[in-house]
Amino acid sequence: MEERILDDRGDYGRVGKWPAINPEFLPYDGRFGSGPTKVRRDAIDDLVAHSRDIMGTSHRRLGVTSMVGRLRAALKSLFELPKDWEIVLGNGGATTFWDAASYQLIGKRSQHLSFGEFSAKFAEVVRAAPHLDDPWVIESEPGTHPVAEPGEVDAYAFTHNETSTGVTAELTRPVGGQWGALVLVDATSAAGAIGWLPKHVDVYYFSPQKAFAADGGLWIAAVSPAAQERIGELAASGRHTPASLDLSLALTSAKRDQTYNTPALATLLMTLNTTEWLLDSGGMAHVVDRCGVMSGHIYSWAQERPWAQPFVADPAKRSPVVCTIDFDGVSADDLAAALRANGILDVEGYRKLGRNQLRIGTFPAIDLADLMGLTASIDFLVPRLIAEAEAAD
Ligand SMILES: *Cc1c(COP(=O)(O)O)cnc(C)c1O
């Protein structure tokens, strides 16, 4: 990077059309996306370390199956799952898992709490499935979340952390309603960062490119005995299920530490690396603290600024991993563009939400020192962008 000299106006020059940020403020690692998220250097190094013995080898042989086995064991231990739960995995990510769930987890009718882009998408998948009744969808305003209403449904679809709005919902099994109804939780941006109790959940599924700091391409699901039973029943029911979405096949393969077809191996290795790192650094209790401190820094910083405030009004619903911050008097798009020009990436708000907002990831792999650099960088930019906008008027 070219040397930036402080001129007599307190400026450090320009990067493209934007003010260059004082280099003392710049974070060491500028990746604050909400998914995909920052990948740890250690995970990449681990891939390189396995470049000859694991990468490029058969997923039916001990080298790879032992990695799948290690990942299954590590996730069971991280989530403190009861013995009879299974970790199942397959190709395709959470989006593919929605399709699979529509075949072999929902019997007839499901209830969906819809409070953002991702929770709405699963409800759409179910609405389009010809073999299912129309879903019962309960919506709420972006920035809030609805509450389940026990009733005549055989599955509840919850989202632990709505990545599009930065809202977290506590997971509680609905009491009453149809006996044996399953609780299916899209935990894509929550798994490995936000606590939960297995007694409230039947299927906790996610893609590993968010809190697990890996790459896309896999879905991973923690599956309760009741959900395993449902999968078996629906597989035997005569409902036609495409093999790539057949959870009974995925479950059988998982029990042999395999996947039904060739897995995204680099993603798997990086997920394993992060999971073992999370366990070694103190497990969920530690990671919950860590994300609480990092998101706490962002929210309290925003509250102390006249031109910023947390989007989610209820502090209890504010995500500890995806901080959505509204701006007033300065364009969040300009701010994101200026940050990007300075090497600080992916803090743009969720497009479809249409707010003057930044969305900042505070996932376990991110460092507090870098978040402090980010807020110092925003503090540096905002008065300058306001002054420049006024001068241009
Ligand atoms: C990112 C995300 C998804 C989609 O994950 P893919 O791996 O792209 O399929 C689903 N749900 C939530 C909550 C997400 O954050």
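Just so it is clear, the structure is predicted and the values come from calculations on it, not from any experiment.
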Treating [X] as the side-chain partner and [Y] as the backbone partner, does any N or O pair qualify as donor plus acceptor under 3.5 Å?
X      : Y      : value
Thr144 : Ser140 : no
His112 : Ala157 : no
Arg40  : Ala365 : no
Lys76  : Glu86  : no
Arg230 : Ala155 : no
Asp246 : Ser248 : yes
Ser164 : Glu117 : yes
His200 : Val183 : no

Which pair of heavy atoms, one from [X] and one from [Y], lies closest together, and at what distance?
X      : Y      : answer
Ser319 : Tyr299 : O-OH, 2.7 Å
Leu113 : Pro146 : CD1-O, 3.6 Å
Ser66  : Gly63  : OG-O, 2.9 Å
Thr165 : Val312 : O-CG2, 3.8 Å
Gly176 : Tyr156 : O-OH, 4.5 Å
Asn356 : Val330 : ND2-O, 2.9 Å

Subject >> Trp136 and Glu149: CA distance, side-chain angles, deciding distance, side-chain contact (heavy atoms from CB on, under 4.5 Å) verdict >> reply: CA-CA 10 Å; Trp136 174 357; Glu149 295 175 26; 3.4 Å; yes
Heavy atoms, side chains only, cut-off 4.5 Å: are [X] and [Y] in contact?
X      : Y      : result
Asp42  : Asn273 : yes
Thr37  : Arg31  : no
Val287 : Ser281 : no
Val201 : Leu197 : no
His59  : Thr65  : no
Phe115 : Ile138 : no
Val125 : Lys121 : no
Thr267 : Pro208 : yes

**OP:** Before giving the answer on side-chain contact (heavy atoms from CB on, under 4.5 Å), spell out for Leu105 and Leu234 the whole-Å C-alpha distance, their side-chain angles and the decisive distance to 0.1 Å.
**Re:** CA-CA 7 Å; Leu105 284 169; Leu234 288 173; 5.6 Å; no
Verify whether one side chain among [X] and [Y] offers a donor that lies under 3.5 Å from an acceptor in the other.
X      : Y      : value
Asp53  : His50  : yes
Gln309 : Asp326 : no
Ser119 : Glu162 : yes
His297 : Ser295 : no
Ser224 : Asp202 : yes
Ser331 : Asp333 : no
Thr168 : His160 : no
Asn161 : Ser189 : yes

**OP:** Apply the test side-chain contact (heavy atoms from CB on, under 4.5 Å) to residues Tyr205 and Leu89: give CA-CA distance (whole Å), side-chain angles for both, the deciding distance (0.1 Å), then the verdict.
**Re:** CA-CA 9 Å; Tyr205 61 92; Leu89 57 160; over 6 Å; no
Spacing of [X] atom [atom1] and [Y] atom [atom2] [to the nearest 0.5 Å]:
X      : Y      : atom1 : atom2 : answer
Arg61  : Gln258 : CZ    : CD    : 10.0 Å
Glu276 : Thr274 : CD    : OG1   : 10.0 Å
Ile298 : Phe32  : CD1   : CZ    : 7.5 Å
Phe311 : Cys323 : CZ    : SG    : 13.5 Å
Ile378 : Ile360 : CD1   : CD1   : 4.5 Å
Phe158 : His145 : CZ    : NE2   : 10.5 Å

Original post:
Can Arg340 and Glu348 be counted as an ion pair, charged N to O under 4.0 angstrom?
Top reply: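 Looking at Glu348 together with Arg340, the answer is yes, because their closest N to O distance falls below 4.0 Å.
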Original post:
When you check the gap from the basic side-chain N to the acidic O, do Arg305 and Asp379 get nearer than 4.0 Å?
Top reply: yes
Subject >> CD/Glu80: more than 12 non-hydrogen atoms of other groups inside 6.0 Å >> reply: no
**OP:** Kindly check if the number of other-residue, nucleotide or ligand heavy atoms within 6.0 Å of CD (Glu229) is above 12?
**Re:**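 No, the 6.0 Å shell around CD holds no more than 12 heavy atoms from other groups.
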Original post:
Going through the checks in order, is the salt bridge (charged side-chain N to carboxylate O under 4.0 Å, His left out) test met by Asp134 and Arg127?
Top reply: CA-CA 5 Å; Asp134 272 352; Arg127 189 171 287 118; 5.0 Å; no
**OP:** Show your reasoning for whether salt bridge (charged side-chain N to carboxylate O under 4.0 Å, His left out) applies to Asp154 and Arg109.
**Re:** CA-CA 6 Å; Asp154 58 72; Arg109 189 168 192 230; over 6 Å; no
Subject >> Residue pairs fulfilling salt bridge (charged side-chain N to carboxylate O under 4.0 Å, His left out) with at least one residue in residues 363-374, sequence neighbours excluded >> reply: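 Output for this query lists Lys38-Asp367, Arg290-Asp367.
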Original post:
Does Phe206 have its ring centroid less than 6.0 Å away from the ring centroid of Trp219?
Top reply: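 No.
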Subject >> Tyr103-His240 aromatic ring centre distance below 6.0 Å >> reply: no
**OP:** Would you check, one step at a time, whether the test salt bridge (charged side-chain N to carboxylate O under 4.0 Å, His left out) holds for Arg384 with Asp11?
**Re:** CA-CA 9 Å; Arg384 287 168 172 78; Asp11 284 344; 3.5 Å; yes
Original post:
Run the ring-ring contact (aromatic ring centres under 6.0 Å, His included) check on Phe79 and Trp85 step by step: do they pass?
Top reply: CA-CA 11 Å; Phe79 297 143; Trp85 280 57; 9.1 Å; no
Original post:
Please walk me through it: do Asn91 and Leu218 pass side-chain contact (heavy atoms from CB on, under 4.5 Å)?
Top reply: CA-CA 4 Å; Asn91 283 310; Leu218 287 181; 3.6 Å; yes
**OP:** Would you check, one step at a time, whether the test salt bridge (charged side-chain N to carboxylate O under 4.0 Å, His left out) holds for Asp314 with Arg318?
**Re:** CA-CA 7 Å; Asp314 179 355; Arg318 282 179 196 151; over 6 Å; no
Original post:
Parallel under 30°, tilted from 30 to 60°, perpendicular over 60°: which one fits the rings of Phe380 and Phe25?
Top reply: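 Perpendicular, since the angle between the ring planes exceeds 60°.
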